[in-house]
There are 2 protein chains.
Amino acid sequence: MNQESELQIFRKYLQKKGLRYTPEREQIIKEIFLTHDHFDVDTLYLRMRQKGLQISKASIYRLIPLLIEAGLIEEVFFEDGHMHYEYIYGHEPHCHLRCISCKRIEEFRDPHWPDMEKMLKEKFGYEITNYKLEVQGLCPACKEKQKKE
Amino acid sequence: MNQESELQIFRKYLQKKGLRYTPEREQIIKEIFLTHDHFDVDTLYLRMRQKGLQISKASIYRLIPLLIEAGLIEEVFFEDGHMHYEYIYGHEPHCHLRCISCKRIEEFRDPHWPDMEKMLKEKFGYEITNYKLEVQGLCPACKEKQKKE
DNA sequence: TAGTGTAATGAGACACTTTAACAATAATTA
DNA sequence: TAATTATTGTTAAAGTGTCTCATTACACTA
């Protein structure tokens with residue numbers, strides 16, 4: 001791929017803000033970018049500890065708003081008492097379809113989004129920065145299970 | 001209007017579940033339905049206290065999942081460390097457009113939702129129960145303000 | 001009407017996530 | 001080198017939401 005790497009993006013962002021690129025931040029970011037998946041602070045923290053990386057939770061919490069502002073990650077939903085995040089840079093924008101029974105999450109593209117964005121810009125005058133579409137329902141498997149009961 | 005009242009809906013729901021319709025629950029529900037607006041637990045609690053209605057927070061917290069399951073309210077977004085809810089029964093389904101600067105929230109209809117719902121049913125086999133579309137951006141006023149700076 | 005079982009309540013304790021304060025440390029700048 | 005500023009880990013604190021528990025209210029039956 002010929003797009004800028006996440007680290008480059010982030011270093012530029014820090015530089016612009018007069019902030020520092022520290023070893024701790026690098027380790028956290030690399031860990032996040034390793035899986036390119038949903039994550040939350042606690043599992044990220046534990047995963048790093050298991051690898052022997054000793055980073056305090058506070059540093060993770062402090063890093064998250066920076067990564068969000070740099071456009072690398074995004075809040076996706078609040079569940080089980082804490083926020084879940086998602087790596088987004090270089091990913092196709094997508095929506096979440098979650099089963100209310102088994103909690104499984106599938107991703108899908110919203111083909112209408114470009115139209116919607118245009119409408120919101122024209123009709124409401126907004127400068128759109130991001131959007132989040134979350135659909136809840138029963139997945140096929142859980143639907144079957146409910147029938148049998 | 002000739003639709004069932006919220007209280008009727010809720011009483012039916014309780015009956016079906018073998019739960020009880022208590023004065024406390026009635027007071028909370030009436031307070032929620034009074035404004036038909038977004039709310040969170042703490043402000044609802046304080047509002048009731050100011051009116052001299054003494055309801056414990058625990059009762060509000062306990063009631064919320066019931067109201068959600070009865071289809072009367074919905075979680076709308078998590079902000080400032082707590083969840084915000086919205087009365088939905090009898091309301092046109094709508095989406096939220098929020099300004100990241102002034103926090104103002106506007107509502108709009110998503111004309112593409114019926115198509116999307118159909119697609120998700122057919123392509124993913126889901127039985128859809130609800131959807132939440134939240135768009136963030138800069139409102140016209142804040143956009144102007146930023147230009148001047 | 002009395003008795004029994006279940007649900008609901010308020011109060012407070014509790015668990016948990018996230019933020020803040022602080023002193024120590026590292027990087028940057030003059 | 002000295003001064004400044006950002007960052008870190010630790011610890012404390014704030015805040016939300018859940019749980020426990022004793023008590024109360026209700027529904028049902030005898």
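Worth knowing before you read on, the calculation uses all heavy atoms, side chains too, and leaves out hydrogens, waters and symmetry mates. Below, chains carry the letters A, B, ... as their sequence lines are ordered, and counting in each starts from 1.
Rounded to whole Å, the distance from CG on Leu63(A) to C1' on dG9(D) is 15 Å. What separates NZ of Lys16(B) from C1' of dA7(C) is a distance of 19 Å, to the nearest Å. Lys17(B) has its NZ atom 20 Å from the P atom of dA27(D), to the nearest Å. Distance NE2 (His82(B)) to C1' (dT18(D)): 17 Å, rounded to an integer number of Å. The distance from atom NZ of Lys57(B) to atom P of dG17(D) is 9 Å, rounded to the nearest whole Å. The interatomic distance linking Ile60(B) (CD1) with dT9(C) (C1') rounds to 13 Å, in whole Å. Taking atom CD of Glu24(B) as the reference point, atom C1' of dC26(D) lies 12 Å away to the nearest angstrom. Rounded to an integer number of Å, the gap from CD1 of Ile64(B) to P of dT9(C) is 13 Å.
Between the base of dT5(D) and the side chain of Arg20(A) there is a donor-acceptor pair shorter than 3.5 Å. Evaluation of atom-type donor-acceptor distances gives no pair under 3.5 Å for the side chain of Arg62(B) against the base of dG17(D).
Salt bridge status for Arg104(B) with Glu106(B): present, with a side-chain N to carboxylate O gap under 4.0 Å. At a threshold of 4.0 Å, the pair Glu74(B)-Lys132(B) does not count as salt-bridged, since none of the basic side-chain nitrogens sits closer than that to a carboxylate oxygen. Looking at Arg98(A) and Glu79(A), a side-chain N of the basic residue comes within less than 4.0 Å of a carboxylate O on the acidic one, giving a salt bridge.
For Tyr61(A), no side-chain nitrogen or oxygen approaches OP1 or OP2 of dT19(C) to under 4.0 Å. OP1 or OP2 of dA27(C) has not a single side-chain nitrogen or oxygen of Thr22(A) nearer than 4.0 Å.
The residue among Ala58(A) and Asp42(A) whose nearest nucleotide of DNA chain C is located toward the 5' end is Asp42(A). Both Pro23(B) and Asp80(B) lie close to DNA chain D; mapped to their nearest nucleotides by heavy-atom distance, the more 5′-ward contact belongs to Asp80(B).
Within a 6.0 Å radius of CD in Gln15(B), no more than 12 heavy atoms belonging to other residues, nucleotides or ligands are found.
Listed nucleotides dG9(D), dA6(D), dG10(C) differ in distance to Leu19(A); the shortest reach to its side chain belongs to dA6(D).
Ring to ring, His38(B) and His96(B) are close: their centroids are under 6.0 angstrom apart.
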